[in-house]
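Numbers restart at 1 for each chain; the letters A, B, ... are given by sequence-line order, proteins then strands. Just so it is clear, the values below take in all heavy atoms, side chains as well, and ignore hydrogens, waters and symmetry mates.
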Number of protein chains: 2
Amino acid sequence: MEKEIGYITSLIGDPVRTNILWTLLDNKAYTATELAISADTSPQNISMHLNKLVKADLLVVESQGRHKYYRFSKPEVAYAIEAIGNLLPTEKHKKIVTNIDNSSIKYCRTCYDHLAGRIGVLITEALLKQKIIVENTNTYSLTKKGNIFFSELDVNIDDLKKHRRIFAKPCLDWSERKHHLAGSLGAALLDKMLLLDYIRRTKKSRAIVITSKGQKHLYEKFKVSV
Amino acid sequence: MEKEIGYITSLIGDPVRTNILWTLLDNKAYTATELAISADTSPQNISMHLNKLVKADLLVVESQGRHKYYRFSKPEVAYAIEAIGNLLPTEKHKKIVTNIDNSSIKYCRTCYDHLAGRIGVLITEALLKQKIIVENTNTYSLTKKGNIFFSELDVNIDDLKKHRRIFAKPCLDWSERKHHLAGSLGAALLDKMLLLDYIRRTKKSRAIVITSKGQKHLYEKFKVSV
DNA sequence: TCTATAGTTAAGTATAAAATGAAGTGTTAA
DNA sequence: TTAACACTTCATTTTATACTTAACTATAGA
């Protein structure tokens, strides 16, 4: 058994492969070249590493013309990477939070397929404060007010609940050390905010930019100023 | 950020350190020599590895006379290791399950501080079937019947709920691919079963042996035959 | 106080695996 | 139909770091 586990840990343990997995954590698919740039290495090298990750069934690959798109094979991979992220030493972590250089990725990023970072945490806190969601042990559930709120946003709650996936749960954030909204409700909220152009994804990272339209609405709805 | 994560993943990625972490997953403290034997390496080498893990705040060490006892610094470490365990390829996993040699660790082992493996899953299923616990999204809660059940076992539910730790939640088992009971209730149940001598820990692994007394009671209480 | 045990530290070596260079295949688009 | 691009394969080189050898400290027990 140790050998089997060692196989996976040694795969995750290489710096280039860690960079790949960390980049893919926003649940987007990236091409080999994009990942090579992100990991600052050669195409040959990234090809070798990606092959190992695919063979180990951590990633899946899809060919589109001359491009190959890589993404996680299953949510468990994202969970494991996030769980490792939560092991970051606290002092080092503080340094990151107070580091202004990468503030955009700090305040605003996605975690797998939902909003994370400072914005994710602030919005979640606002949802709790306004009693749109309530916290149980390790889950969130919607109040009546919450049902109205999300139906006004044109999110079909019943559809979400049909899925086998967890509906709404707190997810510990590595940068904020607080919880943000995860699960299918969290994913639906992110989708809707992207659709409404409150926020936009950036090309090369997990950073999210907030549009002026978004700023206005975030303040109106949640009293969140960014 | 990638560098910080890479630091942790490369730590976890070494085979000897993986062995250490995997061994410690039962939440017992082990001495350096025990861990060296487990990882089949020299005292000098294990010393070096343990130092790295302590410096990274994954482990803490306590001196007792001429011995040094190592254990996880926080539950997050166990969660991360378990999350990695869930990434094991399914085919390989099947091979393990049908492998009779390590059947004891397969049927009966602990995960951090609660009962896992086949027994953990069977008991959890029995608790659900008998409506002692009910499943919500990603949590379990106690029914009235459950409150009586655990008070008869002399488990103080109110005390458990006072802790900041999650009370009861499903934990995906890497060997069974089903859920077992985790959280403080799971830990309390394991403690009680050890105290009542239904089960005993073995010296050198996470395997648990079931006593004949335990077999009898497990069948009476849960209709679980082992 | 002497011996065995538990663990550490430091310098040197060995080796596995990552990176590179060169030469490919297949794809798009001018 | 040619050139540029996206990616791969394989042989070779490089390098990081785990491990060894050897000498050490600290504790326990006799």
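Distance, B/D40 CG to D/dA18 C1': 14 Å, rounded to whole Å. The separation between B/Y30 atom OH and C/dA6 atom C1' is 18 Å, rounded to whole Å. Rounded to an integer number of Å, the gap from B/L35 CG to C/dT8 C1' is 16 Å. With rounding to whole Å, A/K55 atom NZ is found 12 Å from D/dT8 atom C1'. Nucleotide D/dC7 holds its C1' atom 16 Å from the CD atom of A/E62, rounded to whole Å. Remark: P of D/dA4 and NE2 of A/H67 are 17 Å apart, rounded to the nearest angstrom.
The salt bridge (Lys or Arg N to Asp or Glu O under 4.0 Å) check on A/R66 picks up nothing, with sequence neighbours excluded. The salt bridge (Lys or Arg N to Asp or Glu O under 4.0 Å) search around A/D158 returns none, not counting sequence neighbours.
Distance from the side chain of B/P43 is smallest to C/dT8 among D/dT8, C/dT8, D/dA6.
Within 4.0 Å of B/Y70, counting heavy atoms only, lie sugar-phosphate atoms of the nucleic acid but no base atom.
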Annotated protein contacts, base or backbone, on nucleotides 18-30 of chain C with a non-hydrogen cut-off under 4.0 Å, one of B, S, - each: SBBBB----BS--
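Regarding contacts with the backbone of D/dT8, a side-chain N or O of A/K68 is found under 4.0 angstrom from either OP1 or OP2.
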Trace of the side chain to side chain contact (heavy atoms under 4.5 Å, CB included) decision for A/D40 with A/N19: CA-CA 9 Å; A/D40 192 28; A/N19 190 298; over 6 Å; no
Full working for side chain to side chain contact (heavy atoms under 4.5 Å, CB included) between A/L59 and A/L21: CA-CA 9 Å; A/L59 303 186; A/L21 295 168; 4.1 Å; yes
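With A/T9 as the partner, the side chain to side chain contact (heavy atoms under 4.5 Å, CB included) test is satisfied by one option alone out of B/L11, B/L87, B/I84: B/I84.
Within a 6.0 Å radius of NZ in A/K192, more than 12 heavy atoms belonging to other residues, nucleotides or ligands are found.
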